[in-house]
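Everything numeric in this text was worked out from a predicted model, so none of it was measured.
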Amino acid sequence: MSGLSLYEPRLDPGAINVRLGEGQTAQVLRNLCYRLATEKPDEWVKVKDTISDLFSFKLDDPVYDSARGELRMSYHSSSVKLDIMAAGRGMLQTLLLLVYLYINPGAVLLLDEPDAHLEVLRQRSIYRELVATAEKLGSQIIAASHSEVVMEEVSNRGILISFVGKPRRADKNDISQIRQALKQIDPKDYYQAERKGWVLYLEDSTDLNILQEFADKLHHPARNALRNDPYVDYMNGNNMGLKRDVFHGLRHAYPDFVGFLLADNDNTGRKAATGTNLAEHVWIQYEAENYLNQPNALLAWARAEAKAENADPDWWENEMGASITELAKAFDVAQQLSPWSPQRKASDTFLTPLFRNFYQRVDHYNDMPKRNFYKLIPFLKRADIDKEVIDVLDKIAEVAGQAKPFTED
């Protein structure tokens with residue numbers, strides 16, 4: 001309804017229809033009201049009463065100014081008389097639809113976002129009014145909408161088609177999933193779900209690096225799935241429940257969609273849910289970094305780094321050993337968990353201070369922040385890799401193998 005001008009010439013019915021067909025609805029609103037008021041005055045009164053009930057405005061009858069060949073129309077808000085162009089778009093849009101329905105009984109209306117420009121509190125009452133008017137006049141409304149209010153109303157008295165993924169008829173049981181889709185799921189997630197057919201939920205990007213490196217090290221079948229641009233979504237705050245909701249929202253769009261959720265243990269008693277199409281696993285140890293935190297790997301890494309930096313490998317290895325011993329002794333004195341304890345958060349409470357201490361000893365820039373801890377994995381002995389890591393990779397390969405990317409029939 002944008003572009004409503006102060007003046008509107010009177011048009012013949014054919015010219016009105018042409019402008020409606022071109023989407024120029026704002027240019028013919030007064031003409032439609034004038035036609036209804038002159039051709040069906042009783043119906044015009046009904047429209048005025050409805051607008052008054054919905055918006056507390058009193059519409060004046062449209063007037064034809066023959067001297068100028070123009071139509072004029074006003075309304076009253078309290079004691080103030082205003083031209084119709086001063087009204088809000090929500091009211092103008094509702095007026096347009098009601099008038100058109102009365103002028104064209106038995107019509108089929110295709111509406112794009114009829115709830116646009118309407119506050120939530122009015123969407124329900126206006127939708128009900130439009131539907132009641134259409135039913136009374138033998139008309140049909142086919143509307144596209146993102147409104148939860150409209151969705152709920154349609155589920156009670158109409159036919160609801162969900163265009164989330166492959167279009168299909170929805171019922172009340174689908175409402176919660178559609179609402180989830182409207183609120184929390186980003187369009188990029190729909191695109192990724194459609195393109196890949198499966199999702200991997202992880203704590204953060206460091207976990208993906210670790211899984212990729214373990215798969216490479218073991219020549220595991222999951223390597224292709226992890227390296228081939230996977231659809232990965234990060235929990236960033238340990239909210240497993242939120243990702244479950246998002247997953248099931250995506251399942252509403254793509255019923256064949258599958259996924260795998262891998263979460264840290266973090267000593268809070270987390271448990272993996274079962275019995276759904278989202279496979280889940282919670283690490284037995286605190287986090288993924290615990291599985292690469294091994295003294296032999298740290299010492300072997302130090303030797304390799306020394307060679308890369310043209311330094312003395314024996315010296316760097318000795319300094320790494322001294323750093324490990326120093327930190328382990330500090331933990332023991334403080335009666336804290338061992339550096340190798342499954343319950344210790346290896347990344348933040350051991351590896352981070354360890355590398356800081358080590359690089360200070362060798363007088364070198366710290367090149368091992370948390371995001372680079374995965375670089376220790378090539379220095380692990382295959383026999384020392386925990387079986388749980390292999391089990392996780394097996395599950396990822398299994399889920400990825402079930403993926404059915406969406407295709408149009």
Side-chain angles (χ1 to χ4, degrees), residues 144-146 148 151-152 154-155 159-205 207-209 211-212 215 220-264 270-283 288 391-409:
S145 174
H146 290 87
E148 290 185 54
M151 175 182 67
E152 291 174 348
V154 173
S155 69
I159 297 175
L160 178 63
I161 305 295
S162 170
F163 282 83
V164 179
K166 186 176 182 179
R168 66 187 184 281
R169 183 165 180 171
D171 56 30
K172 287 185 177 181
N173 295 328
D174 297 312
I175 293 296
S176 62
Q177 301 296 344
I178 299 174
R179 183 182 291 111
Q180 181 70 26
L182 292 172
K183 283 185 175 180
Q184 295 183 345
I185 303 179
D186 193 277
K188 68 177 176 58
D189 291 308
Y190 286 112
Y191 172 72
Q192 289 277 58
E194 178 182 58
R195 189 171 67 97
K196 291 296 181 179
W198 78 288
V199 63
L200 178 61
Y201 293 115
L202 300 173
E203 298 284 353
D204 56 43
S205 61
D207 288 353
L208 178 60
N209 292 335
L211 290 172
Q212 289 173 334
H220 194 280
R223 177 170 50 179
N224 291 335
L226 290 168
R227 290 291 186 186
N228 187 25
D229 187 26
Y231 168 24
V232 183
D233 194 1
Y234 301 115
M235 285 181 270
N236 292 329
N238 302 330
N239 194 337
M240 297 169 67
L242 174 61
K243 293 308 176 185
R244 289 171 183 148
D245 290 343
V246 170
F247 173 80
H248 292 298
L250 292 171
R251 282 273 299 178
H252 173 79
Y254 309 110
D256 293 327
F257 189 56
V258 292
F260 182 70
L261 184 150
L262 180 63
D264 290 349
R270 280 179 163 188
K271 292 183 179 180
T274 59
T276 73
N277 296 95
L278 178 62
E280 298 186 16
H281 184 89
V282 176
W283 289 115
D391 292 340
V392 166
L393 293 175
D394 287 344
K395 291 179 181 179
I396 291 173
E398 179 183 357
V399 170
Q402 297 170 353
K404 296 179 182 179
F406 176 77
T407 57
E408 294 285 355
D409 294 335

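Under the rule for a salt bridge (charged side-chain N to carboxylate O under 4.0 Å, His left out), the partners of R244 that lie at least two apart in sequence or sit in another chain are E280. Evaluation of the side chain to side chain donor-acceptor pair (under 3.5 Å) rule for K196 yields no partner, not counting sequence neighbours. Under the side chain to side chain donor-acceptor pair (under 3.5 Å) criterion, D233 pairs with K243, sequence neighbours left out. For R195, the salt bridge (charged side-chain N to carboxylate O under 4.0 Å, His left out) partners are D229, not counting sequence neighbours. Scored by the salt bridge (charged side-chain N to carboxylate O under 4.0 Å, His left out) test, D391 finds K387 as partners (sequence neighbours excluded). For the side chain to side chain donor-acceptor pair (under 3.5 Å) test, no residue two or more places apart in sequence or in another chain qualifies with N224.
When all heavy atoms of W198 and P230 are compared, the closest pair comes out as CZ2-CB, 4.1 Å. Nearest approach of F247 to G259, heavy atoms of both residues: CE1-N, 3.5 Å. Closest non-hydrogen pair, I396 versus A222, comes out as CG2-CB, 4.4 Å. The shortest heavy-atom contact between A288 and D264 is N-OD1, 4.1 Å. Across all non-hydrogen atoms, the minimal contact from A215 to L226 is CB-CD1, 4.0 Å.
A 4.5 Å side-chain heavy-atom check between L261 and M235 finds at least one atom pair inside the cut-off. At a threshold of 4.5 Å between non-hydrogen side-chain atoms, the residues F257 and N277 do not count as touching. At a threshold of 4.5 Å between non-hydrogen side-chain atoms, the residues I159 and R169 count as touching. D394 places a side-chain heavy atom less than 4.5 Å from the side chain of H220.
Under the side-chain contact (heavy atoms from CB on, under 4.5 Å) rule, D207 has a single partner from L262, L200, L202, which is L202.
Distance CD/E203 to CG/L208: 13.0 Å, rounded to 0.5 Å. Distance check: R251 CZ to D256 CG gives 7.0 Å after rounding to the nearest 0.5 Å.
Relative ring orientation between F260 and H281 is described as parallel, the plane-to-plane angle staying below 30° on a 0-90° scale split at 30° and 60°.
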